[in-house]
Each structure stands twice: as structure tokens, then as C-alpha cells.
Amino acid sequence: MIKWIAALLGFVFYGFRGAILGFIIGSLIDNLTSSSRKGGGFGMFGREERVTPGDFELHLLSLSAIVIRADGKVSQQEMDYVRMYFVQSYGKDRANAIFRTFNEVVNKREMNAARIAQFLAQRTQYAARLQIVHFLFSIANADGQVSTAEANKIREIGKYLRLGVKDFESIMAMFFKTTDNAYKILEIEKSATDAEVKKAFRTMAKKYHPDKIQNMDEAYIKGAEEKFRKVQEAYEQIQKERGF
């Protein structure tokens with residue numbers, strides 16, 4: 001469709017030669033548009049076909065390294081968590097190959113959180129980006145506590161991943177014990193009515209229900225199950241506090 005419109009405009013402004021040029025340019029745009037609309041399969045964290053498995057794994061591992069280094073120290077527990085996660089997700093042989101490639105890449109270039117996160121933001125579903133942030137918080141929490149520096153770095157990454165503020169706060173609240181974290185997990189204010197609490201629970205349970213992503217990799221399903229459990233716990237806590 002675009003090629004014919006471009007050809008017509010080219011003819012109007014530049015005559016026959018303009019029509020030919022417009023047709024060629026329009027054809028290129030049509031081809032690019034058609035390619036971008038083709039559906040892609042989704043696996044680990046819902047990656048699309050526009051991201052090769054190797055690229056996705058290296059970018060995810062790079063973000064992991066950035067978070068681990070955020071507080072100026074490298075925790076062995078956090079390192080072990082990442083390695084175990086990749087082994088469970090990909091198998092020992094493939095995970096070791098990923099880490100070898102990662103070490104080679106890291107030695108050759110500086111890791112830039114903005115560039116890496118923006119690359120993933122353009123090529124993954126929103127639900128996948130939520131899971132990435134949850135994964136990064138899990139790494140930071142592997143040593144028993146998410147430091148302020150780590151939380152700030154993940155928040156920065158979340159912005160580059162184009163996450164909504166409430167979605168980010170909901171995931172972060174799953175890793176902090178505060179007086180209102182249950183409400184933050186459900187993405188509501190503490191002043192919400194009982195009816196609003198129940199509605200928020202239904203909305204969040206639907207968002208993170210594991211049945212919605214049964215066709216994805218086991219690691220992604222486990223992440224969804226964990227968030228779903230946190231949503232249930234938050235709702236039960238509010239129920240207990242309010243007595244309904």
C-alpha cells in the first residue's frame with residue numbers, strides 16, 4: 001500500500017521519475033513493515049525472534065553483572081545465584097558456554113545499562129521485561145538484602161526497559177518488608193476500600209497467573225509463580241489486617 005502512495009506523491013511532485021523513485025522507496029518500507037509484523041516465538045523471558053538466543057543471554061547476563069557491581073562489591077552469593085539460574089534454565093554445558101562468551105565480551109567492551117536495556121526493550125514483550133526486573137531483584141537479594149545502590153541501579157534499568165512506575169514499585173515491594181509493601185504489591189494505596197483491594201488482587205492475580213505462560217520456558221514460569229505467590233501473600237496480609 002505504501003509503495004503506491006509514494007509513487008503517486010512522487011509523480012505529483014517530480015513527474016515520472018519521481019513516481020519510480022517513490023515506488024522503490026515505498027516498496028522498501030512495505031517490506032520492513034511486513035517483516036516487523038511477523039509473529040515470533042517466545043522462550044526464556046518471552047524473547048522474540050528478533051533477538052537471537054546468544055544476544056539475549058549475553059544482554060541478560062550483562063545486566064546481572066551491572067547489578068552485582070552496583071554497591072561496589074561482588075557478592076559470591078549473588079554470583080552463585082546467577083550461575084545456578086542459568087544452569088537450571090539452559091543446562092550445565094550451555095550455561096558454561098554462555099559464561100565463557102560473556103567473559104570474553106566483557107573484557108572487550110564496557111557494559112552500558114542504558115544501551116543493553118534499551119536493546120531488550122525494543123525486542124521483548126512487556127511481560128518479559130517485568131520478569132527481567134524481577135530476576136535482577138532476585139540476584140540483589142541473594143545475599144539476604146537488596147542494598148540501596150542495587151535498588152537504584154535496577155530502578156534505572158527499569159526506566160530504560162520502559163516499565164510503568166506502579167509495575168516497578170510492585171515488584172520492588174516483593175523484596176522489602178515495610179508497613180505498606182502489601183499495598184504496593186497490589187498497586188493500590190493504603191487508603192483503598194475493601195472492594196478496591198479485592199479488585200486489585202483479581203487484576204494482579206490475572207497478570208501473574210502461571211497458566212498464562214505455560215508455553216514459555218520453565219525459568220519464566222517459575223518467576224511468574226513466585227510473583228503470583230507474593231500477590232497472594234500480600235492479599236492475605238491485608239485480609240488479616242482488615243478482617244474481611
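Numbers for residues simply follow the sequence, beginning at 1. Heavy atoms only: backbone and side chains are in, while hydrogens, waters and symmetry mates are out.
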Considering residues at least two apart in sequence or located in another chain, which fulfil the side chain to side chain contact (heavy atoms under 4.5 Å, CB included) criterion with Thr193? Ala195, Glu196

Which residues satisfy the ring-ring contact (aromatic ring centres under 6.0 Å, His included) test with Phe99, sequence neighbours excluded? Phe86

Check: Ile157 and Val67 side chains under 4.5 Å, non-hydrogen atoms: yes

Please name all residues satisfying side-chain hydrogen bond (donor to acceptor under 3.5 Å, both in side chains) with Gln118, sequence neighbours left out, ordered by chain then number. none

Return yes if some donor-acceptor pair links the side-chain N/O of His59 with the main-chain N/O of Asp55 below 3.5 Å, else return no. yes

NZ of Lys73 to CD of Glu78: how many Å apart, nearest 0.5 Å? 8.0 Å

What heavy-atom pair brings Asn181 and Ala173 nearest, and what distance separates the two atoms? ND2-O, 3.5 Å

Flag the pair Phe135 / Ile139 as yes when at least one side-chain heavy-atom distance between them is below 4.5 Å, and no otherwise. yes

Rounded distance (nearest 0.5 Å) linking atom CE of Met172 with atom CE of Met174: 12.0 Å

List the steps, then state whether side chain to side chain donor-acceptor pair (under 3.5 Å) holds for Glu233 with Gln237. CA-CA 6 Å; Glu233 291 173 354; Gln237 179 182 327; over 6 Å; no

Using the test ring-ring contact (aromatic ring centres under 6.0 Å, His included), find all partners of Phe137 that sit at least two apart in sequence or belong to another chain. Phe168, Phe175

Which residues satisfy the side chain to side chain contact (heavy atoms under 4.5 Å, CB included) test with Lys159, sequence neighbours excluded? Arg155

Smallest separation among heavy atoms of Leu161 and Arg129, with atom names: O-NE, 2.6 Å

Taking every heavy atom of Ala182 against every heavy atom of Ala234, the minimum-distance pair comes out as O-CB, 3.6 Å

Steps toward side chain to side chain contact (heavy atoms under 4.5 Å, CB included) verdict (Gln131, Thr124): CA-CA 11 Å; Gln131 177 61 8; Thr124 55; over 6 Å; no

Any chance you could measure Arg229, atom CZ, to Lys227, atom NZ, to the nearest 0.5 Å? 11.0 Å

Taking salt bridge (Lys or Arg N to Asp or Glu O under 4.0 Å) as the definition, give me every residue that meets it alongside Asp194, ordered by chain and number, with sequence neighbours left out. Arg242

Verify same cluster id: Val165, Ile171 (apolar side-chain graph, 4.5 Å): no

Heavy-atom check, side chain of Ile154 versus side chain of Leu63, under 4.5 Å: no

Find out whether Tyr81 and Gln77 are in side-chain contact, i.e. whether some heavy atom of one side chain is under 4.5 Å from a heavy atom of the other. no

Is any side-chain heavy atom of Ile238 closer than 4.5 Å to one of Leu186? yes

Flag this pair as yes if the NZ/CZ of Arg115 is under 6.0 angstrom from the six-membered ring centre of Phe119 and inside a 45 degree cone about the axis; otherwise no. no

same_hphob_cluster(Phe176, Leu136) at 4.5 Å side-chain heavy-atom cutoff: yes

How far apart are the closest heavy atoms of Ala149 and Ala70, and which atoms are they? CB-O, 3.6 Å

Residue pairs, two or more places apart or on separate chains, that pass side-chain hydrogen bond (donor to acceptor under 3.5 Å, both in side chains) and touch residues 138-147: Ser147-Glu150

Which residues pass the side chain to side chain contact (heavy atoms under 4.5 Å, CB included) test with Met79, not counting sequence neighbours? Ile68, Val74, Gln76

So the ring-ring contact (aromatic ring centres under 6.0 Å, His included) pairs with at least one residue in residues 139-160 (sequence neighbours excluded) are none

Could you tell me the separation between the CG atom of Leu163 and the OG atom of Ser170, rounded to the nearest 0.5 Å? 11.0 Å

Give me each pair satisfying salt bridge (Lys or Arg N to Asp or Glu O under 4.0 Å) with a member in residues 170-191, each pair once, sequence neighbours excluded. Glu187-Lys207

CG-CZ distance between Leu61 and Phe56, expressed to the nearest 0.5 angstrom: 11.5 Å

Looking at side-chain heavy atoms only, is the closest gap between Met204 and Ile185 below 4.5 Å? no

What residues, two or more places apart in sequence or in another chain, satisfy side chain to side chain contact (heavy atoms under 4.5 Å, CB included) together with Lys198? Arg202, Tyr235, Phe244

Indicate yes or no: does Lys166 engage Glu169 in a salt bridge with an N to O separation below 4.0 Å. no

Which value, rounded to the nearest 0.5 Å, describes the distance between Leu60 atom CG and Ile116 atom CD1? 10.0 Å

Quick one: ring-ring contact (aromatic ring centres under 6.0 Å, His included) partners of Tyr183, sequence neighbours excluded? none

